Student: 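I'd like to ask you about the structure that follows.
Residue numbering restarts at 1 for every chain, and letters A, B, ... go by the order of the sequence lines. Quantities reported herein were computed from a predicted structural model and do not represent experimental measurements.
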Amino acid sequence: MKLAYWPGCVSRGFTPELHGSMELVAPKLDLELVELDRANCCGAGVIAEHNQELVDTLNARTFAMAQDVEGAAGMMNICSTCQGAQSECQERLDADSAYREHINSNLDAEGLSYERDGTWWNKNFLWLVVEEIGLDTLREKVVRPLEGLRVAPFYGCYIVRPTRRLGFDEHPERNRYLDMLIEAVGGESVHYAGSHKCCGFPVITMARTTSLRQAGRHLADAIDAGADCVVTPCPLCHLNLDLQQPEAVKYVERDLGMPVLHLPQMVGLALGLEPDELGMDKHVVKTTDVQRKVAELAGA
Amino acid sequence: MAEAQDFTLKIRRFDPESGEQAHWQDFGVELDPDRSVLDGILQVKDREDASLAIRCSCRAAICGSCGVRINGKSALACNTRLSDAKQTAFNGAITVEPMGNMPVIKDLIVDMDAVHWKKIQRVVPWLLPEGEPPEREYIVPAEAMIDVTQSMACIQCGVCVSACLSLEVDPEFIGPAALAKAYRFVGDPRDDHTEERLRDLAEDPHGIYDCTHCFACIEVCPKDVAPMSQIMRLRRRATADFGIKDSNNGYGHEKGFVDIIEKWGTLHEAQLLPRSFGQGSAIRGQVAPDAVKQLLRDMPTALRGLRAGKITPKKALMHPKLPGQKNVRRIFEEVEGKKERLELNLYIVGDDGDQAEGAQAEGSGES
């Protein structure tokens with residue numbers, strides 16, 4: 001399947017292991033990724049807060065570039081925040097033709113135009129695996145089932161709310177795709193309070209206590225539920241849950257030490273890729289225990 | 001009318017006078033699946049246990065009394081069908097709990113005074129016009145009030161307060177309902193304290209910059225008030241219209257982020273911290289004492305990132321511009337150079353199936 005691919009900013013910035021692992025996983029799932037290398041930041045909610053016309057123009061630009069990729073089935077992103085921020089713009093662009101024309105006029109100089117088309121889509125890798133590849137196909141490709149690995153899903157707000165905008169009426173199970181995917185690769189999905197809550201990242205520079213209490217509390221809940229690791233489709237969540245985890249410890253006043261995987265890393269492990277290829281050494285919280293468990297699976 | 005069906009309601013019980021701990025109790029109800037969870041609760045009261053406590057009145061999502069959590073999700077009990085609740089029920093039983101983030105008085109009744117109403121009072125929820133009141137009513141053109149109609153739709157049910165994920169970790173957060181109410185007056189052309197209101201909410205460490213942007217309030221609001229969107233409008237008015245440089249870095253974070261994308265096209269993360277701490281200026285962020293203090297606090301995190309190989313010195317210092325970045329810059333210049341900020345609020349114009357022209361200038365009642 002050929003896809004217009006929007007990796008986002010953070011996956012090539014402070015979580016390079018995410019973009020790297022996605023590039024390795026793609027061919028294993030027969031995905032041909034055409035990277036949108038001229039596309040801009042989705043705005044991550046901040047540009048929307050600043051100026052709606054601006055953020056709608058910037059994302060219409062990305063959509064137009066994706067629609068121009070010859071033979072692509074759709075557009076794929078690997079970040080919950082990109083999914084939510086872009087879906088918000090797409091909702092407005094699709095709702096009103098005069099508004100869409102106006103936004104497109106801002107793109108005239110570049111010869112780009114976003115066309116409303118009921119069949120065109122922009123999906124996070126999580127949605128893409130379940131809806132376009134199918135969990136049965138994924139199961140067939142698994143060479144290293146992650147049996148015995150207890151994985152706590154962490155979705156990221158932008159990919160689960162608001163449900164109406166995110167197409168949950170049509171796909172109600174989007175609320176539990178990550179749980180389903182963990183089980184499809186042989187792992188055990190851990191239920192805990194924080195799976196659909198906020199990691200706190202958006203306010204790390206503005207309300208540090210709120211931010212790190214959120215991150216710390218969800219990690220602590222995952223630990224108490226017996227998880228070996230957390231997995232997330234959102235690199236911004238990863239920043240607060242992994243990079244900031246040693247700081248979050250101070251705000252919940254207990255030890256944490258919970259490894260946090262990116263979704264393509266977990267899928268990659270099940271597809272037979274090695275932890276170091278997937279950049280699992282590039283985490284702040286060591287993934288050694290997860291790696292040891294995976295190595296035992298390979299030996300078994 | 002459909003045939004009555006059996007449902008199990010798993011209700012959280014608590015009676016402070018009993019001396020017993022809170023506990024779950026299962027009740028069977030028999031009702032048409034199109035009837036509401038509130039109807040189910042009232043049947044339990046009627047047929048099985050008259051002591052079950054819930055606050056309710058209109059049964060039509062108008063009075064806003066019967067806020068609860070159904071299968072963990074905050075909602076009005078009268079506005080949730082039994083059939084829908086059953087679909088999200090765990091092991092077949094529909095769980096009904098009192099709302100979150102507020103103390104429980106008894107069973108499904110929470111203390112709205114202790115949290116919700118106190119926070120509403122916090123934002124001065126009345127008009128503060130200039131000078132003496134006119135002899136008759138204030139006259140405003142109808143279109144000047146369109147901007148605040150969404151926040152005026154609030155019925156004070158507290159369901160968003162219950163769902164708020166910032167409040168869950170910071171009980172002092174002013175919260176979604178009260179901040180939506182604040183926008184109702186900030187956006188009102190008759191009010192004369194717009195800047196003071198915004199400055200107050202921007203400077204409060206538990207104000208507009210304590211919202212984590214999680215969409216929980218938008219998701220649960222039975223009246224589509226979208227409190228988080230109102231909070232984002234408060235931020236936008238505070239920064240763009242009044243240039244309020246708050247001490248919570250709200251102004252700096254927004255300006256820093258937007259300027260970075262205008263310059264590079266994608267996020268240069270290493271630049272975001274100093275710019276956030278320096279009121280949007282990278283230089284101020286590295287020399288002003290309050291900014292440097294915050295940067296130093298983040299040094300251990302940066303060092304851990306370096307050690308893990310996530311961050312490299314090169315990446316921290318250099319960031320590639322997008323190919324064709326001039327096109328992104330042109331968009332910024334053109335759109336930001338316009339006299340009015342355009343906003344398409346789907347609450348007001350709806351999804352018209354491609355018919356009407358709905359976008360309008362935001363805050364048009366101001367000028």
Student: I'd like to know whether CD of B:Glu333 has more than 12 heavy-atom contacts from other residues, nucleotides or ligands below 6.0 angstrom.
Tutor: yes
Student: Given that the side chain runs from C-beta out, which part of A:Asn175 has a heavy atom under 4.5 Å from chain B: side chain, backbone, both or neither?
Tutor: neither
Student: Which atoms of B:Ala270 come close to chain A, meaning under 4.5 Å heavy atom to heavy atom: side chain ones, backbone ones, both, or neither?
Tutor: both
Student: Chain A heavy atoms under 4.5 Å from B:Arg304: which part of the residue, side chain, backbone, both or neither?
Tutor: both
Student: Can you confirm whether the side chains of B:His213 and A:Tyr158 place a donor and an acceptor under 3.5 Å from each other?
Tutor: yes
Student: Given a strict heavy-atom distance threshold of 4.5 Å, which part of A:Arg217 is in contact with chain B: side chain, backbone, both, or neither?
Tutor: side chain
Student: Please classify the contact between B:Arg330 and chain A as side chain, backbone, both or neither, with a heavy-atom cut-off of under 4.5 Å.
Tutor: side chain
Student: Where on B:Leu346 is there a heavy atom nearer than 4.5 Å to chain A: the side chain, the backbone, both, or neither?
Tutor: side chain
Student: Determine the option with the most heavy-atom pairs under 4.5 angstrom with chain A, choosing from B:Glu254, B:Met232, B:Gln294.
Tutor: B:Glu254
Student: Under a 4.5 Å cutoff for heavy-atom pairs, which residue among A:His196, A:Arg38, A:Glu91, A:His283 has the most contacts with chain B?
Tutor: A:Arg38
Student: Under the criterion side-chain hydrogen bond (donor to acceptor under 3.5 Å, both in side chains), which of A:Arg92, A:Gln86, A:Gln90 is the partner of A:Glu88?
Tutor: A:Arg92
Student: Please classify the contact between A:His191 and chain B as side chain, backbone, both or neither, with a heavy-atom cut-off of under 4.5 Å.
Tutor: neither
Student: With a 4.5 angstrom heavy-atom cut-off, is it the side chain or the backbone of B:Ser166 that approaches chain A, or both, or neither?
Tutor: both
Student: So which of A:Asp242, A:Thr15, A:Asn51 has the biggest tally of heavy-atom pairs under 4.5 Å with chain B?
Tutor: A:Asn51
Student: Using non-hydrogen atoms only, which part of A:Glu17 is less than 4.5 Å away from chain B: side chain, backbone, both, or neither?
Tutor: side chain
Student: Chain A: which of B:Val169, B:Ile260, B:Ile218, B:Asn248 shares the most heavy-atom pairs with it under 4.5 Å?
Tutor: B:Val169
Student: Under 4.5 Å heavy-atom distance to chain A, tell me which part of B:Lys315 shows up: side chain, backbone, both or neither.
Tutor: side chain
Student: What part of A:Arg12 gets within 4.5 angstrom of chain B, counting heavy atoms only: side chain, backbone, both, or neither?
Tutor: both
Student: If you measure from NE2 on A:His102 to CG on A:Leu93, what distance do you get to the nearest 0.5 Å?
Tutor: 11.0 Å
Student: Strictly by modelled atom types, are A:Asn106 and A:Glu53 linked by a side-chain donor-acceptor pair under 3.5 Å?
Tutor: yes
Student: Under 4.5 Å from any heavy atom of chain B, what part of A:Gln245 do you find: side chain, backbone, both or neither?
Tutor: neither
Student: Which answer fits B:Leu165, side chain, backbone, both or neither, if we ask what part of it has an atom under 4.5 Å from a heavy atom of chain A?
Tutor: both
Student: Which answer fits B:Gln87, side chain, backbone, both or neither, if we ask what part of it has an atom under 4.5 Å from a heavy atom of chain A?
Tutor: neither
Student: If I measure from the heavy atoms of chain A, does B:Ala226 come under 4.5 Å with its side chain, its backbone, both, or neither?
Tutor: neither
Student: Out of B:Arg236, B:Arg233, B:Arg341, B:Arg235, which one pairs with B:Asp241 under the salt bridge (charged side-chain N to carboxylate O under 4.0 Å, His left out) rule?
Tutor: B:Arg341
Student: Hydrogens and angles aside, do A:Ser211 and A:Asn240 bring a side-chain donor and acceptor to less than 3.5 Å of each other?
Tutor: yes
Student: Below 4.5 Å from any heavy atom of chain A, which atoms of B:Lys338 appear? Answer side chain, backbone, both or neither.
Tutor: side chain
Student: Using a 4.5 angstrom heavy-atom cutoff, name the option from B:Leu272, B:Thr312, B:Val220, B:Leu267 with the most pairs to chain A.
Tutor: B:Leu267
Student: Heavy atoms only, distances under 4.5 angstrom: which of B:Pro205, B:Ala316, B:Gly324, B:Pro323 has the most pairs with chain A? Name it, please.
Tutor: B:Pro323
Student: Can you say whether B:Phe257 sits under 4.5 Å from chain A via the side chain, the backbone, both, or neither, judging by heavy atoms?
Tutor: side chain
Student: Parallel, tilted or perpendicular, judged at 30° and 60°: which one describes the rings of A:Tyr114 and A:Trp120?
Tutor: perpendicular
Student: Quick check for you: among A:Thr209, A:Thr205, A:Leu58, which has the greatest number of heavy-atom pairs under 4.5 Å with chain B?
Tutor: A:Thr205
Student: Does any heavy atom of chain B fall under 4.5 Å from the side chain of A:Asp281, the backbone, both, or neither of them?
Tutor: backbone
Student: Please flag which part of B:Phe332 lies under 4.5 Å from any non-hydrogen atom of chain A: side chain, backbone, both or neither.
Tutor: both
